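This report concerns only the one structure given below.
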Amino acid sequence: MIARTTAIGAGLLWLAATVGTVSTAAQDDPPQVPPQAKPSAPSAAVVAELIDRTLQQQWQEQGIRPAEPADDATWLRRLSLDLCGTIPLREEVAAFLDDDRADKRQRKIDEYFADRACAQNFSYLWSNALLAAAQKEGGREGAGLRPWLEEQFAQARPFDAIVRELLASSGRNDENGATSFVLAYADDIEALSAVASRTFLGVQIQCAQCHDHPADSWKQADFDGFTGFFLGVRSQKIAEMPPSFRLVDAPAAELRIPALRRLRDALRAAAKSGDPEAEELRRRLKRNDLGELGEEELAAYLESLPGTQRERIEKAVERQKKFGQPRFLDGSPFEEGDGATRREALADWLVAPGNPWFARATVNRLWGHLFGAGLVDPVDDLTASQDRVLPPLLDLLATKFAQSGFDLRWLMECMVRTRAYALSASLQDAGDARAKQERWYAAHPLRPFTAEQVLHSLQRATALEERTVARAKDADFEAERRKVLEKFRYVFEDDEGGSSDRFASSIPQALFLMNGKLTNDEIRLKKSRMLDEILDESRSDRERLRQVFLATLGRLPTQREAEKLGRLVKGADGGTKRGIEDLFWALLNSTEFLTNH
Amino acid sequence: MDWRHPHLPPGTATFTRRELMALLAAGAGAFALGPSLLAASSSAPTRKRLILLWLEGGPSQMETFDPKPGTPNGGPTKAVPTDVPGWLFSDQLPQLAKRAQHLAVIRSMRTREGSHARARELVQCGYTPNPTVHYPPLGSIVAHELGDLAHELPAFVQINGAPLPAGYLGVQCSPFVLERPEGRIENLTYAGGVDPQRLDHREAMVDVLDDAFAKKGGAPAVDSNVAQRERARRLMDSKLLAAFDLTQEKESLRDAYGRNDFGQGVLMARRLLDHGVQAVQVVLSGWDTHDDNFGRTSKLCAQLDPAFAALLDDLKKRQTLKDTLIVCMGEFGRTPEIARGDGRNHWPNNWCVALAGGGIKGGQPWGATDANGAEIAEKPVAIADLYATIAAALAFDRDKQFHSGMRPIQLVDPNGKAIQELLG
């Protein structure tokens, strides 16, 4: 894809005019300003209009024909999946289709943002990204991250405050869940550094971990400097049950002495056993004048140590050399002292309004979440990716997002209110024309469900309580849920986050849906709550068909589907009731059910 | 808008998308069934297959392939002569010692990852773990490069243990997991109350739904799902599932492999390869011997030794040893010094990998450690070198480029140099 730098002049002029009007109007008539919009940011409606005008101008210039607007059912299902992480309830769909108020879509948007499920959904989005590089999905140290995020999102806290806490918090994980992020990586600060820069800034400095990358401007020194902010991070186990840890940082003085505690310990031990050379080295080390302690001298001494000990010290010294001097990514210097820990300094720099990457990375990630592809794609590769459209739009949204006080709801509302978000899927066959339409957001892309969406949508469609799936008491619930999801992830998710080959579904996935417990036991009469409910309340076969469609695909059957499927239901071995079971199964196995479209 | 393939005659719109895809695929040969599949077991396969014996936890080199009897580090483990003059194995591997002519053992592996998870990724994938690239494990590489992804059976199967996904090679190359060799395969049998006829009926309903969705713009997603459902169904109904049935083997042979999950898993690996699977990884866990190293390794070796030896004999007898690369390794080795509680701790500095079979010239050790086993005395080998050697033995194109996001990646670390002397 060619980078497009076409100015969005018309849209900008229009925005300038409109924003002026809005702020004047706001003084006369305050209720016109949505409550979540900060005074300095334009209203979501205005920004949505700007996005639409900008996109339309591109479509015209490039001769792209946009897809038709999506119908209400499609739009509702999409919004529910994107904001709440699951398909809508069947009663909800029915009511929405019957609702003839002009502002019903806006009402739905407001309703979803206020829903706890929305906070939960975005806690998955962010914790999956943040724990992506951790072993065992963050293990016990990282377990508190998702619930903590859910709470922050539920309280609608500004995103800069959330991120600041994630990076800078210290103390016990059972008292402050924000510590879980750094704790999850306490023994692998390179991974921590990589995932933090990638998720919060959209820059992939970790490629420089192994070599200076030709396609990107990051150097190994950038990575080492960024990682330096995490040097000294330690996890102390407090209790086994429930697992609790304390996050601490090594004192600054210890970090400055390149020979580290381990060398000191080794030297002390050696000196005790009467090694005069060790005693001399130890005295000099105590005076902190390692500069005077020549490399050769040190090397010769290390050579004389037993293998295991030597290896450990060499590693520590090497790490100290590599990560000893923290440096901000924009090259600004870091000064130790003035009371702040290294992590606090990093957090302050990262969320500062002047940081060119933080707001853009956040806008781009959420744009990618809602529109299927980032303005820069992949969403977390802002500096190196060549696949970018409308850079000025990303810049503008980032500026406004910062002005809004990093208000995530406001930002996402700007996006879901657009006409572009409400387009249907492309009718073109897979190929260049379709790809172009989708890349310029002139048609909504098809996206396979994430593991969370599969689990939560299957639960909702079968009216199965999440508690039943995880089968656990409250205390173990989060742990159980993680276990269930881990399994779903292995079966349903590609590692590349669906970015490479989107519909590379697998045999285990197909087997899971064809023969698995969830899709078989839970569709059986007298066992499936959903099916029993539907059979209880519906009087005719026709109505039953409508209800199972609403429960699964979130829409009514077409005439043609009703006829064909009605015949197949009647023709089932063992009668109509078995036929309804079969239909329910078929709906859960259909491609439409498993696609966010 | 009707979905019609340009080369199909008019009127085909009355077929379901599934039928049309099957028709097209059959023409292209991708779904071709018939006698060729079963014949594959008798005619010699041209592409090499892989069996990876994964010793989870990090096996002690001193108690397996690099014994140091009579030294302070050696512990109670003795050395026994092998059938290759001058070469000694630990006395815990008596049967393998008699078959050393088939083995090439690298005794000078040197890595830098000392934690299980990172080392597992490094050794199974051949690259240092990187938070943004998920490298595929060796079995997935073999499945992708040498396997037939359209075959009825999965190209890569893992028996016991936790799998690593195929990363950028895509889920089709991820291991198909068998939790125990004699356990039930998850979701592979018809659900209760469902027979083939009823499943057909259900699928006919799915076809109606999928066709409607394809016409609404969902075609690319439908095509992929239909193809996978077809393959899943073919697997469920496949005669080749007999590959998973160990009761078809002679009792005496099952005894020879060892009546435990690992031994039976190795036997199943051989059966799976015979039926068209390209790579199998069998896991033997428990090698993380921080205490009671000698007692625990001797129990583990009592499983490893007969299974590995029986596999060599079996493949040789079936004349497929030359087409099958066997790799035996774990995350790292264990400290030469004996720690408290007779344990050995993690030690990536010098450890062993055993190779045998296809593409490998057996009967030779490679590299050596010093008298105390504390250091590599000659020919250190990096993971990249090991992978270059494996790629050469299996004869796949190690330089093939892929992309993870934007960034180019080679299947095998380009810094590696194959050890020519071990190839034959």
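Letters A, B, ... mirror the listed sequences (proteins, then strands); counts begin at 1. Just so it is clear, the model here is predicted, and its values are computed rather than measured.
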Inset, instruction - Hey, can you tell me if B:F244 and B:F176 have their rings parallel, tilted or perpendicular (30° and 60° cut-offs)? - result: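 B:F244 vs B:F176 ring planes: tilted.
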Inset, instruction - Please determine, among A:E561, A:K564, A:R434, the option with the most heavy-atom pairs under 4.5 Å with chain B. - result: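 Heavy-atom pairs under 4.5 Å are most numerous for A:R434.
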Legend entry - Top contributor to chain B interface from A:T558, A:D188, A:L513, A:V569 [non-hydrogen pairs under 4.5 Å]: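 Of A:T558, A:D188, A:L513, A:V569, A:D188 has the most heavy-atom pairs under 4.5 Å with chain B.
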Engaged part of [X] at the chain B interface, taking heavy atoms whose separation is under 4.5 Å:
X: A:R555; answer: side chain
X: A:D573; answer: side chain
X: A:Y185; answer: neither
X: A:S590; answer: both

Which region of [X], side chain (C-beta onward) or backbone (N, CA, C, O), has a non-hydrogen atom less than 4.5 Å from a non-hydrogen atom of chain A, or is it both or neither?
X: B:S115; answer: neither
X: B:P175; answer: both
X: B:L235; answer: side chain

Inset, instruction - Give the C-alpha distance, both sets of side-chain angles, the deciding distance and a yes or no for side chain to side chain contact (heavy atoms under 4.5 Å, CB included) between A:L588 and A:T552. - result: CA-CA 7 Å; A:L588 297 179; A:T552 51; 3.8 Å; yes
Legend entry - Polar side chain donor-acceptor pair, B:Y190 to B:D237, under 3.5 angstrom: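 On atom types as modelled, these side chains qualify, holding a pair under 3.5 Å.
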Inset, instruction - Heavy-atom pairs under 4.5 Å with chain A are the metric here; pick the option from B:G193, B:A162, B:A117, B:G192 that has the most. - result: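 Heavy-atom pairs under 4.5 Å are most numerous for B:A117.
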Inset, instruction - For chain A, find which of B:P163, B:S174, B:C173, B:P154 contributes the most heavy-atom pairs closer than 4.5 angstrom. - result: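 When all of B:P163, B:S174, B:C173, B:P154 are compared, B:P163 has the most.
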Legend entry - With B:H290 via ring-ring contact (aromatic ring centres under 6.0 Å, His included) - residues at least two apart: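 Only B:H346 meet the ring-ring contact (aromatic ring centres under 6.0 Å, His included) criterion with B:H290.
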Inset, instruction - Can you sort out the partners of B:F213 under ring-ring contact (aromatic ring centres under 6.0 Å, His included), two or more places apart, ordered by chain and number? - result: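 For B:F213, the residues satisfying ring-ring contact (aromatic ring centres under 6.0 Å, His included) (neighbours in sequence not counted) are A:H597.
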Inset, instruction - Please step through salt bridge (Lys or Arg N to Asp or Glu O under 4.0 Å) for the pair B:D210 and B:R229, ending with a clear verdict. - result: CA-CA 12 Å; B:D210 274 0; B:R229 258 206 324 278; 3.1 Å; yes
Inset, instruction - Quick one: do B:T335 and B:N345 satisfy side chain to side chain donor-acceptor pair (under 3.5 Å)? Show the steps, please. - result: CA-CA 5 Å; B:T335 45; B:N345 300 324; 4.7 Å; no
Inset, instruction - Measure centre to centre between the rings of B:H144 and B:Y168, then say whether the value is under 6.0 Å. - result: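 B:H144 vs B:Y168: aromatic centres not under 6.0 Å.
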